[in-house]
Protein chains: 2
Amino acid sequence: MAADELADLAALLADRSRARFLLALMDGKAWTSGELADAAGVAPSTASEHLTRLVHGGLLVERRQGRHRYVQLAGPKQARLLEELLGYLGPTAPAGPTLRASAADQALRRGRTCYDHLAGRLGVAITDAMTARGLLTDELAITDDGLAWLGDELAFTPPGSRRPIARACLDWTERRSHLAGTAGAHVCACLHERDWVRRIGTGRAVRLTPTGATALHDLLGVLPP
Amino acid sequence: MAADELADLAALLADRSRARFLLALMDGKAWTSGELADAAGVAPSTASEHLTRLVHGGLLVERRQGRHRYVQLAGPKQARLLEELLGYLGPTAPAGPTLRASAADQALRRGRTCYDHLAGRLGVAITDAMTARGLLTDELAITDDGLAWLGDELAFTPPGSRRPIARACLDWTERRSHLAGTAGAHVCACLHERDWVRRIGTGRAVRLTPTGATALHDLLGVLPP
DNA sequence: GGATCACTTCGGCGCACGCCGAACCGTCGT
DNA sequence: ACGACGGTTCGGCGTGCGCCGAAGTGATCC
């Protein structure tokens with residue numbers, strides 16, 4: 001029965017702590033069990049049990065290394081699933097109660113990574129600019145011009161994998177689509193490599209560097225937000 | 001916290017009976033509380049409680065009519081959510097254990113409604129034919145030719161709503177995309193109206209009528225499966 | 001008006017699950 | 001070799017939830 005599988009999958013997500021784990025893991029990085037326990041505010045033992053469930057359920061993969069257990073989203077398919085769920089829930093309330101939380105929130109809304117590509121206002125701005133220049137269609141499929149542009153400007157060569165080159169990912173703060181897929185991942189990686197964007201602290205939030213701001217303006221006409 | 005909302009939403013789906021309800025409701029029709037209780041194999045009292053939860057959670061809408069309580073998927077957004085979840089789960093095992101279940105299964109795989117459009121081999125065949133004729137792009141976006149064709153052949157005028165005209169819906173038996181969105185809904189309604197397809201019994205399964213088979217062959221070159 | 005029917009509410013049962021702290025096990029630093 | 005540390009396992013507690021049957025409420029049919 002397909003219903004039973006659906007219920008089992010949903011049960012995996014139907015817990016506040018596990019949901020917090022998954023949201024944290026949306027940055028695509030590997031986290032240790034202890035880090036996640038802290039992030040969700042539960043005891044290490046509790047976190048350990050949750051992680052075994054998530055790994056068994058196929059949502060996460062783990063890598064034991066010394067005395068650490070690193071876990072990570074199992075792949076783009078799982079990331080996409082979470083994106084869809086978050087997209088359904090829609091935009092979240094804009095401000096937190098404490099000043100510190102609010103500042104972190106603002107940073108996340110300005111720009112962040114979403115699994116392996118850029119999201120937030122920065123991600124949306126880049127996507128819009130690419131669409132405006134005819135590099136993407138309105139449905140965020142890649143055009144021939146876009147493919148050529150990616151190759152010329154960002155040294156992108158499409159891999160022969162099953163994963164789509166360009167794909168729309170619904171942003172849960174902006175409620176706007178932004179570029180995902182291998183092209184989205186490449187843009188994100190490339191901007192990091194050229195030091196046009198930098199991680200803020202250890203989280204998912206990123207900020208544009210001054211060189212990055214001018215470079216993106218020259219390249220795509222993106223104006224600073 | 002967004003994680004809490006995610007967990008709450010997932011909890012709504014994380015029950016075998018409720019999942020069965022939702023899958024049954026994927027045909028887009030309104031079901032009574034009793035029908036759903038039978039379909040899921042639970043007592044009427046149990047079904048009633050589940051339905052109140054699903055309605056409160058926003059997944060279903062209800063309409064009281066005399067002594068009946070009709071429930072229905074709340075809208076395309078909710079249907080799409082379920083599609084995505086089922087798409088993640090992937091194709092299901094092809095055969096049931098009993099003969100009767102297997103026959104019903106075969107009928108569903110051959111052709112069925114998926115919320116408001118056609119799915120199964122029939123839905124995929126129509127979509128493929130439209131793509132081959134340039135009416136849809138490979139990503140299942142509508143082309144100008146497609147828009148003209150829909151207007152000429154099926155008297156379709158695009159509504160000014162926010163809902164996309166054409167959209168890909170991943171088929172959980174065929175593991176192939178087929179046409180959804182307002183265009184998909186129109187095709188489905190139109191084929192029913194012209195008696196080219198007919199419901200089999202009371203479920204979601206549909207079959208092509210002989211006139212429908214020849215008509216679809218003439219119109220799109222679709223060959224009978 | 002009385003019987004029937006669809007559905008709901010309530011009480012109660014049992015199970016599954018989330019959580020923790022304590023004990024334990026490897027790994028790493030010194 | 002020792003202690004500190006990250007992670008896991010286990011026992012136990014409380015709770016939430018799915019389920020049913022019995023009783024109750026309206027609507028419908030004759």
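Residue numbering restarts at 1 for every chain, and letters A, B, ... go by the order of the sequence lines. Just so it is clear, the values below take in all heavy atoms, side chains as well, and ignore hydrogens, waters and symmetry mates. Everything numeric here is computed off the predicted structure, so don't read it as measured data.
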> For the pair made of CZ in B/Arg16 and C1' in D/dG18, what is the distance, rounded to whole Å?
Replying inline: 12 Å
> Nearest of C/dC7, D/dC20, C/dC19 to any side-chain atom of B/Thr46?
Replying inline: D/dC20
>> Is the shortest side-chain heavy-atom distance between A/Tyr115 and A/Leu73 below 4.5 Å?
In response: yes
>> Angle between the end axes of the helix from C/dG1-D/dC30 to C/dT30-D/dA1, five pairs per end, to the nearest 10 degrees?
In response: 30°
>> Can you classify the ring geometry of A/His186 versus A/Phe156 as parallel (below 30°), tilted (30 to 60°) or perpendicular (above 60°)?
In response: tilted
> In whole Å, what is the span from the CZ atom of B/Arg20 to the C1' atom of D/dC19?
Replying inline: 13 Å
> For A/Glu62 and B/Gln65, take the nucleotide of DNA chain D holding the closest heavy atom to each; which residue's nucleotide lies nearer the 5' end?
Replying inline: A/Glu62
>> Given 3.5 Å as the limit, does a donor-acceptor pair link the side chain of A/Ser33 with the main chain of A/Arg69, or not?
In response: no
> How long is the line joining CG of A/Leu12 and C1' of C/dC17, in whole Å?
Replying inline: 13 Å
> Is the A/His178 ring parallel, tilted or perpendicular to the A/His117 ring (thresholds 30°, 60°)?
Replying inline: tilted
> Are any non-hydrogen side-chain atoms of B/Leu179 and B/Ile126 less than 4.5 angstrom apart?
Replying inline: no
>> Between P on D/dC19 and CG on B/Leu51, what's the gap in Å once rounded to a whole number?
In response: 12 Å
> On DNA chain D, nearest-nucleotide positions of B/Asp15 versus A/Gly34: which is more 5'?
Replying inline: A/Gly34
> Touch check for B/Ser33, heavy atoms < 4.0 angstrom, all strands: base, sugar-phosphate only, or nothing?
Replying inline: sugar-phosphate
> How is A/Thr52 classified with respect to the nucleic acid when contacts are heavy atoms under 4.0 Å: base, sugar-phosphate, or nothing?
Replying inline: nothing
>> Restricting to non-hydrogen atoms, name the atom on B/Ala2 and the atom on A/Leu23 that form the minimum distance, rounded to 0.1 Å.
In response: CB-CD2, 3.9 Å
>> Let me spell it out: for each of B/Tyr70 and A/Arg53, pick the nucleotide of DNA chain C with the closest heavy atom. Which residue's pick is nearer the 5' end?
In response: B/Tyr70
> Whole-Å distance between C/dT9 C1' and B/His50 NE2?
Replying inline: 15 Å
> Under the 3.5 Å rule, do the base of D/dG7 and the side chain of A/Ser45 count as making a donor-acceptor pair?
Replying inline: no
>> Counting only side-chain nitrogens and oxygens, does B/Arg69 get under 4.0 Å of the OP1 or OP2 atom of C/dT8?
In response: yes
> Are A/His192 and A/Thr113 side-chain neighbours, meaning at least one heavy-atom pair lies under 4.5 Å?
Replying inline: yes
> Is the phosphate of D/dT8, meaning OP1 or OP2, less than 4.0 Å from a side-chain N or O of A/Ser48?
Replying inline: yes
> Looking at A/His68, does any N or O in its side chain come under 4.0 Å of the phosphate oxygens OP1/OP2 on C/dG26?
Replying inline: no
> Side chain of B/Arg67, base of C/dC5: donor and acceptor closer than 3.5 Å?
Replying inline: yes
> Out of C/dC20, D/dC19, D/dG7, which nucleotide sits closest to the side chain of A/Ala43?
Replying inline: C/dC20
> Whole Å only: how far is the CH2 atom of A/Trp31 from the P atom of D/dG7?
Replying inline: 13 Å
>> From the set D/dG7, C/dG18, D/dC20, return the single nucleotide nearest to any side-chain atom of A/Arg64.
In response: D/dG7
>> Tell me the interatomic distance from B/Arg18, atom CZ, to D/dG16, atom P, rounded to whole angstroms.
In response: 15 Å
> For B/Glu153, does the CD atom sit with more than 12 other heavy atoms under 6.0 Å from it, leaving out its own atoms?
Replying inline: yes
> D/dC10 C1' sits how many Å from A/Glu49 CD, rounded?
Replying inline: 9 Å
